[in-house]
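To find a chain, count down the sequence lines: A is the first, B the second, and so on, and within it residues start at 1.
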Protein chains: 2
Amino acid sequence: MEKLCDNLEECGLPSALEMVGDRWSFMILRATFNGLCHFEEFLNVLGIARNILANRLSRLVEDGIMQREQMADDRRKVEYRLTEKGVDLLPALLALRQWGEKYGLGVPSNPVLADRRDNLAIAPIRIHAADGREIGWHELQWRDKSELGKQG
Amino acid sequence: MEKLCDNLEECGLPSALEMVGDRWSFMILRATFNGLCHFEEFLNVLGIARNILANRLSRLVEDGIMQREQMADDRRKVEYRLTEKGVDLLPALLALRQWGEKYGLGVPSNPVLADRRDNLAIAPIRIHAADGREIGWHELQWRDKSELGKQG
DNA sequence: ATAACTAGATTGCAACTTGCAACTGGAAAT
DNA sequence: ATTTCCAGTTGCAAGTTGCAATCTAGTTAT
């Protein structure tokens, strides 16, 4: 494996980590993917401190990952919902969860995301080549964009 | 989307985040995937403080994500290498990086991982159904393991 | 041997972040 | 009018982070 890509300026990872790279953001997102959307719900389910939750939620909203909506019928209530940008974090979240399940947790995760169509659990998140083949680390190499072949 | 899976005991995400859920671990892993393996290299490339780097490396080693090998020829030198467990974090890392590239960073990431075989950049990390179909959030539902259909 | 060099790790201190609990303030319910 | 509820803020103690200087073990040079 060549020693390339030591260039932090041209990597999306730092910006991603700045937004969701702390202990709680992913847990909040997970809860949101499970349908939670109220402050007190997050509080009860996650066991996070109030101030930290408030801080993280407002950061997630600031970063456009969630949106904050005041309810019309009961204006005390606020709902936090995922934006498209937030929903797009699902693959990363699932990849992490599956990894944690494989290596960290003794027990299989439950419940699990299933395809509505066939009611089967989703496949593990994997790396795929441009043509869809599944592909592993040893079959990969770092390439400068300019050196890439052109898609057929 | 049903409100299930509020059960933190049966979810791999918390254990994953405990191991790699801080600002630096992923950056260290990224550097490792790029071929770096020495303390001073990480230090120079990442701009991390010495003590934090030492702390994170030893945690990654403790957690079995990296292994620490003393070099036989020059026994001052130590190399940090990914274990299989560490390599298995690549999908999660790439999913995050791709997300950061799409939403955070203005610029496309570079360099990029390419298939050795066809020299094309890898596909975006996505969610796939059991049969390999690509599948989105709205086509998914949380299911208890016991309620899943059986694989044909 | 001694001195200088290197990679890796440790220590001390200041700045920031976290967690807990008590409190505020507006909005419904009684 | 009072109580309860939801969301969020404030104050303070404890923990974590970042930086600089220092330490240690093994390596090369004299």
Side-chain angles (χ1 to χ4, degrees), chain A residues 3 6 8 13-14 17-32 35-63 65-82 86, chain B residues 3 6 8 13-14 17-32 34-63 65-83 86:
Chain A
K3 192 198 288 188
D6 305 342
L8 292 168
L13 194 59
L17 291 175
E18 218 167 286
M19 293 195 257
V20 293
D22 75 273
R23 250 207 320 315
W24 286 114
S25 301
F26 265 106
M27 291 301 292
I28 294 172
L29 288 172
R30 187 195 80 116
T32 309
L36 302 204
C37 61
H38 295 293
F39 194 91
E40 305 285 327
E41 287 179 318
F42 292 123
L43 207 64
N44 294 331
V45 167
L46 297 178
I48 184 176
R50 296 186 88 79
N51 54 347
I52 304 298
L53 177 58
N55 176 274
R56 288 309 181 278
L57 283 173
S58 64
R59 268 180 39 190
L60 287 169
V61 170
E62 240 176 69
D63 290 341
I65 293 168
M66 288 184 148
Q67 36 191 147
R68 185 184 189 284
E69 277 175 76
Q70 213 145 31
M71 294 295 88
D73 56 329
D74 183 343
R75 292 229 313 269
R76 288 173 302 185
K77 289 191 185 170
V78 170
E79 285 191 3
Y80 291 92
R81 299 237 169 257
L82 290 165
Chain B
K3 192 196 289 185
D6 305 341
L8 292 167
L13 194 60
L17 292 175
E18 218 167 287
M19 292 195 259
V20 294
D22 74 274
R23 252 208 316 316
W24 286 114
S25 301
F26 265 106
M27 292 301 292
I28 295 172
L29 287 172
R30 187 196 80 117
T32 310
N34 286 318
L36 303 204
C37 60
H38 295 292
F39 193 92
E40 305 286 326
E41 287 178 318
F42 292 122
L43 206 65
N44 296 331
V45 167
L46 298 178
I48 184 176
R50 295 185 89 80
N51 53 348
I52 304 299
L53 177 58
N55 175 275
R56 289 308 181 277
L57 283 174
S58 64
R59 266 180 39 188
L60 288 168
V61 170
E62 237 177 71
D63 290 341
I65 292 168
M66 290 184 146
Q67 44 193 140
R68 186 181 188 287
E69 276 176 76
Q70 214 146 34
M71 295 293 90
D73 55 329
D74 183 343
R75 293 232 309 269
R76 289 175 302 187
K77 290 190 185 168
V78 170
E79 285 190 2
Y80 291 92
R81 299 238 169 254
L82 290 165
T83 60

Visitor: Quick one: side chains of residues 73-80 of chain B, donor-acceptor pairs under 3.5 Å with protein atoms, not counting sequence neighbours, listed by atom name and distance.
Guide:
unit_1: B:D74; atom_1: OD1; unit_2: B:R76; atom_2: N; d: 3.1
unit_1: B:D74; atom_1: OD1; unit_2: B:R76; atom_2: NE; d: 3.2
unit_1: B:D74; atom_1: OD2; unit_2: B:R76; atom_2: NH2; d: 2.9
unit_1: B:E79; atom_1: OE1; unit_2: B:R81; atom_2: NE; d: 3.2
unit_1: B:E79; atom_1: OE1; unit_2: B:R81; atom_2: NH2; d: 2.6

Visitor: Just by protein heavy atoms under 4.0 Å, how would nucleotides 10-17 of chain C read 5' to 3' in B, S and -?
Guide: BBB-----
Visitor: Take atom CG of A:L46 and atom C1' of C:dT18, then tell me their distance rounded to the nearest Å.
Guide: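 Nearest whole value for this atom pair: 16 Å.
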Visitor: Looking only at heavy atoms, which two atoms of A:F26 and B:L17 are closest? And how far apart?
Guide: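 The answer is CB-CD1, 3.7 Å.
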Visitor: Say you draw a straight line from CH2 of A:W24 to CD1 of A:I52; how long is it, rounded to the nearest 0.5 Å?
Guide: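 The CH2 atom of A:W24 sits 9.0 Å away from the CD1 atom of A:I52.
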Visitor: Measuring from atom CE of B:M66 to atom CZ of B:R56, what distance do you get when rounded to the nearest 0.5 angstrom?
Guide: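 Going from the CE atom of B:M66 to the CZ atom of B:R56 covers 13.0 Å.
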Visitor: With sequence neighbours left out, what residues match A:D63 under salt bridge (charged side-chain N to carboxylate O under 4.0 Å, His left out)?
Guide: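 Per chain and number, A:D63 pairs via salt bridge (charged side-chain N to carboxylate O under 4.0 Å, His left out) with no residue.
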Visitor: Nearest heavy atom decides the nucleotide; on that basis, is B:V78 or A:W24 closer to the 5' end of DNA chain C?
Guide: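 On the 5' side of the pair lies B:V78.
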Visitor: How long is the gap from CG on A:L36 to CD1 on A:I28, to the nearest 0.5 Å?
Guide: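 Result: 11.0 Å between the selected atoms.
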Visitor: Please enumerate all residues that pass side-chain hydrogen bond (donor to acceptor under 3.5 Å, both in side chains) together with A:R59, with sequence neighbours excluded.
Guide: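 side-chain hydrogen bond (donor to acceptor under 3.5 Å, both in side chains) list for A:R59, sorted by chain: empty.
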Visitor: Specify the residues of residues 68-76 of chain B, ordered by number, for which at least one heavy atom lies under 4.0 angstrom from an atom of DNA chain C.
Guide: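 B:R68, B:R76, in order of number.
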Visitor: Under the salt bridge (charged side-chain N to carboxylate O under 4.0 Å, His left out) test, which residues partner A:E18, sequence neighbours left out?
Guide: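 Residues passing salt bridge (charged side-chain N to carboxylate O under 4.0 Å, His left out) with A:E18: none at all.
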Visitor: Tell me, please, the opening and closing nucleotides of DNA chain D, 5' to 3', among those with an atom under 4.0 angstrom from a non-hydrogen atom of chain B.
Guide: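 Contact boundaries, 5' end first: D:dT17 to D:dT27.
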Visitor: Check every strand shown and say whether B:F42 touches a base, only sugar-phosphate, or nothing at a heavy-atom separation below 4.0 Å.
Guide: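 Since no nucleic acid heavy atom lies under 4.0 Å of B:F42, the category is nothing.
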Visitor: Do any pairs count as a side chain to side chain donor-acceptor pair (under 3.5 Å) and have a residue in residues 42-55 of chain A, sequence neighbours left out, and if so which ones?
Guide: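 Every side chain to side chain donor-acceptor pair (under 3.5 Å) pair that includes a residue of residues 42-55 of chain A, provided the two are not neighbours, is A:E40-A:R50.
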Visitor: Could you pull out all residues at least two apart from B:T83 that satisfy side-chain contact (heavy atoms from CB on, under 4.5 Å)?
Guide: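 For B:T83, the residues satisfying side-chain contact (heavy atoms from CB on, under 4.5 Å) (neighbours in sequence not counted) are B:Q67, B:K85.
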Visitor: Rounded to the nearest angstrom, tell me the gap between atom CG in B:L43 and atom C1' in C:dG8.
Guide: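 Taking atom C1' of C:dG8 as the reference, CG of B:L43 is at 10 Å.
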